[in-house]
Participant: 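I'd like to ask some things about the structure below.
FYI, side chains are in, hydrogens and waters are out, and symmetry mates aren't considered; it's all heavy atoms of this structure.
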Amino acid sequence: MNKKVSVGVCVSLIAIACAVTFVVTWTVSFNMYNERFPGFTQRDEISSKLQEIDAFVRNNYPGIIDDSQIAYGIFNGYILGIGDKNTVYMTKEEYSEFLITQEGEVITCGIIPEKQDSGYVVVSEVYYGTSAAAVGIQKGDTIISIDGNNVLDIGTDAAIKLLEGEEGTRVHITVQREGEVFGYPLVRQAIEVVSVEYAVVNNVGFIRIISFNKLTAEQFNSALQAVLEHVGEPAFDEEEPRQTKAIVIDVRQVTSGYYDNLGEILSPFIGSELIAQTQLRNNLTNDFITTTGEKTVDVPVIIMADSATSGTPELMAASLKTFAGSIIVGNNTMGDATLQTLHRFKDLSGVLMTIAQIRPTDFEYAGVGIAPDYAIDTGGETIYELSRLAELENITEITDPYIIKAFEIIETIT
């Protein structure tokens with residue numbers, strides 16, 4: 001028996017069929033998308049979990065919630081979750097400070113402040129040639145007030161912030177030294193940060209790199225010229241002719257990812273060579289650092305490195321060993337052969353993120369470090385300020401085991 005179906009029922013059945021078809025198609029497509037891009041649902045779950053945590057905390061936490069700190073924790077936590085030690089999130093202030101360190105020039109009132117558990121700020125260093133040095137502020141002075149603001153009242157962070165300011169502006173600080181109180185007017189000024197120091201002892205030039213920044217190559221090459229010309233060398237033996245026997249480069253305790261002018265530093269020792277390439281995430285390889293010009297240094301080179309030597313100084317040591325036959329003294333280095341880039345966000349915060357692996361020519365040290373040709377057992381007094389080395393009256397007074405070993409090696413190869 002035939003049954004008649006109304007037009008309304010037909011329309012309803014068709015609509016249901018279309019809906020079922022849409023749901024099935026959407027579900028299949030969504031599953032296919034998730035298989036291709038598995039992070040999509042996981043990111044959705046993370047967002048949902050954050051909302052759940054936020055709701056629970058705000059409904060139950062009895063204290064005050066600082067949303068700016070919550071935001072910082074989330075952003076910083078995301079970057080930490082990558083698991084790359086060289087990838088870091090920076091606030092607006094941290095990002096600006098990082099750029100300043102790369103420039104190699106700072107605006108300062110002449111001192112480096114250091115927080116103390118006592119709640120005061122202590123002068124940890126005084127920059128040469130600044131108003132602080134001119135008026136007589138000393139390393140170790142305790143800063144008790146800044147522009148009339150008591151440091152204990154405003155806190156160490158706020159106190160250090162008060163020391164900052166624009167070039168040419170003034171600040172008045174009061175310090176305590178051995179029970180006495182002194183007041184000093186200071187002027188904020190731009191100064192070049194010393195990233196290289198040198199000394200010449202017994203016809204051996206010592207150059208120490210303290211950090212790598214925009215000005216390091218200029219300072220290094222000035223130091224190199226000075227040691228080749230024996231500028232300021234104490235004469236231990238007046239009968240010995242002044243002819244440079246060797247150059248010792250000290251990169252102990254140096255961690256850096258600034259490679260912009262490394263080629264300029266290496267050129268006098270190497271000449272024209274391809275030093276390293278980079279390998280990006282898509283396996284694309286690019287030439288990274290190339291030295292140019294003629295090799296002008298023809299004396300033996302010794303590099304002093306240790307377990308804290310990482311990044312730029314490692315590539316420097318590897319290149320000098322590969323192309324100049326340099327000798328490495330010290331301890332196994334960190335093995336960091338990665339390249340980072342800076343990115344600034346709309347709110348002026350930023351991130352320093354690893355984007356490539358560095359592939360040195362004929363010398364791989366990524367993950368394993370650079371083994372020294374002559375290992376040093378740590379211990380004894382370490383002389384970091386080369387100015388002290390130049391002031392010694394006899395090399396037998398040297399207690400730094402790295403420098404002692406360097407002199408021993410030089411005696412056998414020159």
Participant: With heavy-atom distances below 4.5 Å as the criterion, would you say the side chains of Ile79 and Thr87 are in contact?
Facilitator: yes
Participant: Minimum heavy-atom separation for Asp336 to Glu314, with atom names?
Facilitator: N-OE1, 2.8 Å
Participant: I'd like to know whether Lys161 forms a salt bridge (charged side-chain N to carboxylate O under 4.0 Å, His left out) with Asp157, so could you lay out the CA-CA distance, the side-chain angles of the two residues, the decisive distance to 0.1 Å, and finally the verdict.
Facilitator: CA-CA 6 Å; Lys161 195 71 178 175; Asp157 288 333; over 6 Å; no
Participant: The test is salt bridge (charged side-chain N to carboxylate O under 4.0 Å, His left out); show your working for Arg252 and Asp306 and say whether it passes.
Facilitator: CA-CA 5 Å; Arg252 290 175 290 176; Asp306 62 13; 5.5 Å; no
Participant: Do any N or O atoms from the side chain of Ser48 and from the backbone of Asp44 form a donor-acceptor pair under 3.5 angstrom?
Facilitator: no
Participant: Would you indicate whether Arg177, at its atom CZ, is surrounded by more than 12 heavy atoms from other residues, nucleotides or ligands within a distance under 6.0 Å?
Facilitator: yes
Participant: Between Lys405 and Glu408, does the salt bridge (charged side-chain N to carboxylate O under 4.0 Å, His left out) criterion hold? Intermediate values first, please.
Facilitator: CA-CA 5 Å; Lys405 176 57 70 173; Glu408 291 176 357; 3.2 Å; yes
Participant: Please check if the side chain of Thr285 supplies one atom and the backbone of Gln279 the other of a donor-acceptor pair under 3.5 Å.
Facilitator: no
Participant: Would you say that more than 12 heavy atoms from the other residues, nucleotides or ligands in this model lie under 6.0 Å from the CG of Asn59, or not?
Facilitator: yes
Participant: Please test Thr142 against Val175 for side chain to side chain contact (heavy atoms under 4.5 Å, CB included), starting from the C-alpha separation and ending with a verdict.
Facilitator: CA-CA 5 Å; Thr142 299; Val175 305; over 6 Å; no
Participant: Taking Asn202 for its side chain and Val204 for its backbone only, find out whether a donor-acceptor pair lies under 3.5 Å.
Facilitator: no
Participant: Drop me the distance from Ile207's CD1 to Leu224's CG, to the nearest 0.5 angstrom.
Facilitator: 5.0 Å
Participant: If you define the side chain from C-beta out and look only at heavy atoms, does anything of Val227 sit under 4.5 Å from Thr244?
Facilitator: no
Participant: So, the side chain of Thr91 versus the backbone of Glu94: is there a donor-acceptor pair under 3.5 Å, distance only?
Facilitator: yes
Participant: To the nearest 0.5 Å, how far apart are OH in Tyr184 and CG in Asp141?
Facilitator: 6.0 Å
Participant: In sequence, state the C-alpha distance, the side-chain angles, and the governing distance for Val329 and Ile409, and then conclude on side chain to side chain contact (heavy atoms under 4.5 Å, CB included).
Facilitator: CA-CA 10 Å; Val329 171; Ile409 295 169; 3.4 Å; yes
Participant: Could you check whether Arg359 pairs with Glu364 (Lys NZ or Arg NE/NH1/NH2 to Asp/Glu carboxylate O, under 4.0 Å)?
Facilitator: yes
Participant: Count the heavy atoms belonging to other residues, nucleotides or ligands that lie under 6.0 Å from OH of Tyr78, then report whether that count exceeds 12.
Facilitator: no
Participant: Is a side-chain N or O of Thr255 found less than 3.5 angstrom from the main chain of Ala308, in a donor-acceptor match?
Facilitator: yes
Participant: If we ignore angles and hydrogens, is there a donor and acceptor under 3.5 Å between the side chains of Gln219 and Ser195?
Facilitator: yes
Participant: Heavy atoms only: give me the nearest Gly350-Tyr95 pair and the separation to one decimal.
Facilitator: CA-CD1, 3.5 Å
Participant: Should Arg281 and Gln357 count as side-chain neighbours, where that means a heavy-atom distance under 4.5 Å?
Facilitator: no
Participant: List in chain and number order the residues that pass side chain to side chain contact (heavy atoms under 4.5 Å, CB included) with Ser131, two or more places apart in sequence or in another chain; answer none if no residue qualifies.
Facilitator: Leu186, Val187, Gln189
Participant: Taking atom NZ as the centre, does Lys92 end up with more than 12 heavy-atom neighbours from other residues, nucleotides or ligands that are less than 6.0 angstrom away?
Facilitator: no
Participant: Which value, rounded to the nearest 0.5 Å, describes the distance between Thr108 atom OG1 and Ile100 atom CD1?
Facilitator: 10.5 Å
Participant: Salt bridge (charged side-chain N to carboxylate O under 4.0 Å, His left out) between Glu411 and Lys245: does it pass, once the steps are laid out?
Facilitator: CA-CA 9 Å; Glu411 288 302 314; Lys245 296 190 295 187; 3.4 Å; yes
Participant: Would you please indicate yes or no on a ring centroid separation below 6.0 angstrom for Phe206 and Phe407?
Facilitator: yes
Participant: Check whether Tyr198 forms a cation-pi arrangement with Arg208 (NZ or CZ under 6.0 Å from the six-membered ring centre, at most 45° off the ring normal).
Facilitator: no
Participant: Quick one: closest heavy-atom pair of Tyr127 and Thr130, and the distance?
Facilitator: O-OG1, 2.7 Å
Participant: Partners of Ala337 by side chain to side chain contact (heavy atoms under 4.5 Å, CB included), sequence neighbours excluded?
Facilitator: Ile358, Tyr365, Ala366
Participant: Please round to the nearest 0.5 Å and tell me the distance separating atom OG1 of Thr290 and atom CD of Gln277.
Facilitator: 9.0 Å
Participant: Do Tyr258 and Gln102 have side chains that get closer than 4.5 Å, going by heavy atoms?
Facilitator: yes
Participant: Has Asn221 got a side-chain atom pairing as donor or acceptor with Ala217's backbone, closer than 3.5 angstrom?
Facilitator: yes
Participant: Any Lys/Arg nitrogen of Glu167 or Arg188 sitting under 4.0 Å from an Asp/Glu carboxylate oxygen of the other?
Facilitator: no
Participant: Do you know the tightest heavy-atom contact between Ile275 and Ile270?
Facilitator: CD1-CD1, 3.9 Å
Participant: Side chain to side chain contact (heavy atoms under 4.5 Å, CB included), that's the test. Do His172 and Thr174 meet it? Break it down for me.
Facilitator: CA-CA 7 Å; His172 189 281; Thr174 304; 4.0 Å; yes
Participant: To the nearest 0.5 Å, what is the distance between CD1 on Ile289 and CG on Asp260?
Facilitator: 8.5 Å
Participant: Where is the tightest heavy-atom contact between Ala305 and Thr333, given as atom of each residue plus distance?
Facilitator: CB-CG2, 3.9 Å
Participant: Give me the one residue out of Leu262, Ile249, Leu215, Asn261 that meets side chain to side chain contact (heavy atoms under 4.5 Å, CB included) with Phe220.
Facilitator: Ile249
Participant: Quick one: sort the Phe345 and His343 rings into parallel, tilted or perpendicular, breaks at 30° and 60°.
Facilitator: perpendicular
Participant: Indicate yes or no for a side-chain donor-acceptor contact from Thr216 to the backbone of Val196 under 3.5 Å, with no hydrogens or angles considered.
Facilitator: no
Participant: What pairs of residues pass the ring pair (Phe, Tyr, Trp, His ring centres under 6.0 Å) test when at least one of them lies in residues 277-328, not counting sequence neighbours?
Facilitator: Tyr259-Phe288
Participant: Taking atom NZ as the centre, does Lys214 end up with more than 12 heavy-atom neighbours from other residues, nucleotides or ligands that are less than 6.0 angstrom away?
Facilitator: no
Participant: Distance-only, no hydrogens or angles: does the Thr169 side chain make a donor-acceptor pair with backbone N or O of Gly165 under 3.5 Å?
Facilitator: no
Participant: For Ile328, is there any backbone N or O sitting under 3.5 Å from a side-chain donor or acceptor partner on Asp373?
Facilitator: yes
Participant: What closest approach, in Å, do Gly330 and Tyr402 show between heavy atoms, and which atom pair accounts for it?
Facilitator: CA-CE2, 3.4 Å
Participant: Please walk me through it: do Val171 and Leu162 pass side chain to side chain contact (heavy atoms under 4.5 Å, CB included)?
Facilitator: CA-CA 8 Å; Val171 60; Leu162 285 176; 5.8 Å; no
Participant: Look at the side chain of Asn60 and the backbone N and O of Phe56, then say whether any donor-acceptor pair between them is shorter than 3.5 Å.
Facilitator: yes
Participant: Would you say CG of Asp117 has more than 12 non-hydrogen atoms from neighbouring residues, nucleotides or ligands within 6.0 angstrom?
Facilitator: no
